[in-house]
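Working notes, beginning with the structure itself.
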Amino acid sequence: MANAGLQLLGFILAFLGWIGSIVSTALPQWKVYSYASDNIVTAQAIYEGLWMSCVSQSTGQIQCKVFDSLLNLNSTLQATRALMVIGILLGLIAIFVATVGMKCMKCLEDDEAQKMRMAVFGGVIFLISGLAILVATAWYGNRIVQEFYDPMTPVNARYEFGQALFIGWAAASLCLLGGTLLCCSCPRKTTSYPTPRPYPKPAPSSGKDYV
């Protein structure tokens with residue numbers, strides 16, 4: 001029963017991480033304009049994501065521009081896009097595989113060992129998905145830090161971490177944690193001992209003595 005609870009907890013955490021990765025990929029707040037200088041305009045907020053850049057006015061009006069040219073984007077943004085999409089697709093596959101291996105499901109009830117292998121395999125795919133998301137967000141965040149501390153970058157062109165980046169880090173952590181818990185649900189190998197042979201029973205005495 002405890003193993004089933006651990007398995008269910010791992011699946012829920014990994015599923016929440018997968019949802020978070022989708023939200024992080026869709027949000028445009030991967031990096032936000034840094035107000036590090038004194039001569040800046042605070043009437044608007046500028047932020048940029050994987051698919052578009054937006055400007056939010058103090059009046060509440062938001063204008064976004066989708067990145068039109070794929071080849072005109074820098075390599076970091078292209079790699080981050082690819083890794084996030086790969087992580088989401090792997091997470092979707094992991095959900096179907098792990099669902100088959102869950103103890104609360106009716107699939108593969110006749111083969112308990114195969115059912116547990118499916119759960120562990122789903123956990124491994126969740127781990128790979130979490131690693132892809134973690135690499136993507138860490139790579140993008142490292143690029144923001146490098147540009148922020150680069151003396152050649154103008155002060156009015158510096159950005160800081162956005163909300164979507166933090167959501168991506170949380171999503172990667174949940175996928176890794178959930179995948180680890182699913183992998184821990186693997187059944188332990190038990191040592192099998194040979195069945196002892198029964199000793200032959202002595203023949204019952206007839207009660208007659210022979211001389």
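When a residue number appears, it is its place in the shown sequence, counting from 1. Side chains included, hydrogens not; waters and symmetry mates left out as well; all remaining heavy atoms used.
- For the atom pair I144 CD1 and W139 CH2, the distance stands at 14.0 Å (nearest 0.5 Å).
- Listed here is the closest heavy atom pair of G17 and C175: C-SG, 3.6 Å.
- Proximity of F11 to I95: side-chain heavy atoms (C-beta onward) are separated by under 4.5 Å at one or more points.
- Within the structure, ring pair (Phe, Tyr, Trp, His ring centres under 6.0 Å) pairs that include any residue of residues 51-100 do not occur (at least two apart or interchain).
- To the nearest 0.5 Å, the span separating CG on L13 from CG on L8 amounts to 9.5 Å.
- Residue pairs satisfying the salt bridge (Lys or Arg N to Asp or Glu O under 4.0 Å) criterion with at least one member in residues 131-140, sequence neighbours excluded, are absent.
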Exercise for the section: Apply side chain to side chain contact (heavy atoms under 4.5 Å, CB included) to K65 and V55, showing your working. Expected result: CA-CA 9 Å; K65 182 180 183 301; V55 177; over 6 Å; no
Problem - side chain to side chain contact (heavy atoms under 4.5 Å, CB included) between Y159 and V32, worked out - result: CA-CA 5 Å; Y159 289 85; V32 296; 5.5 Å; no
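- Among residue pairs with one or both ends in residues 76-89, those qualifying as side-chain hydrogen bond (donor to acceptor under 3.5 Å, both in side chains) are T76-R143; sequence neighbours excluded.
- In this structure, the side-chain contact (heavy atoms from CB on, under 4.5 Å) partners of Q63, at least two apart in sequence or on a different chain, are Q61.
- Note on residues 21-30: no pairs pass side-chain hydrogen bond (donor to acceptor under 3.5 Å, both in side chains), not counting sequence neighbours.
- Between L77 and Y140, some side-chain heavy-atom pair lies under the 4.5 Å cut-off.
- Under the side-chain contact (heavy atoms from CB on, under 4.5 Å) criterion, S173 pairs with no residue, sequence neighbours left out.
- Taking OH of Y33 as the reference point, atom CD of E48 lies at 13.5 Å (rounded to 0.5 Å).
- The distance from atom CG of L182 to atom CG of L9, rounded to the nearest 0.5 Å, is 9.0 Å.
- Of the inter-residue distances, the one linking I12 atom CD1 with L16 atom CG reads 7.5 Å to the nearest 0.5 angstrom.
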Exercise for the section: Before giving the answer on side chain to side chain contact (heavy atoms under 4.5 Å, CB included), spell out for M84 and L50 the whole-Å C-alpha distance, their side-chain angles and the decisive distance to 0.1 Å. Expected result: CA-CA 10 Å; M84 291 300 294; L50 301 181; 4.1 Å; yes
Let me have the donor-acceptor pairs involving side chains of residues 119-138, under 3.5 Å, with sequence neighbours excluded, atom names and distances please.
from: S129; atom 1: OG; to: G87; atom 2: O; distance (Å): 2.5
from: T137; atom 1: OG1; to: I133; atom 2: O; distance (Å): 2.9
from: T137; atom 1: OG1; to: L134; atom 2: O; distance (Å): 3.1
from: T137; atom 1: OG1; to: W169; atom 2: NE1; distance (Å): 3.2

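- C54 is linked by a side-chain contact (heavy atoms from CB on, under 4.5 Å) to P28, Y47, M52, I62, C64, counting only residues two or more places apart in sequence or in another chain.
- The hydrophobic cluster containing L83 does not contain L176, counting ILVMFWY residues as joined when their side-chain heavy atoms lie under 4.5 angstrom apart, directly or transitively.
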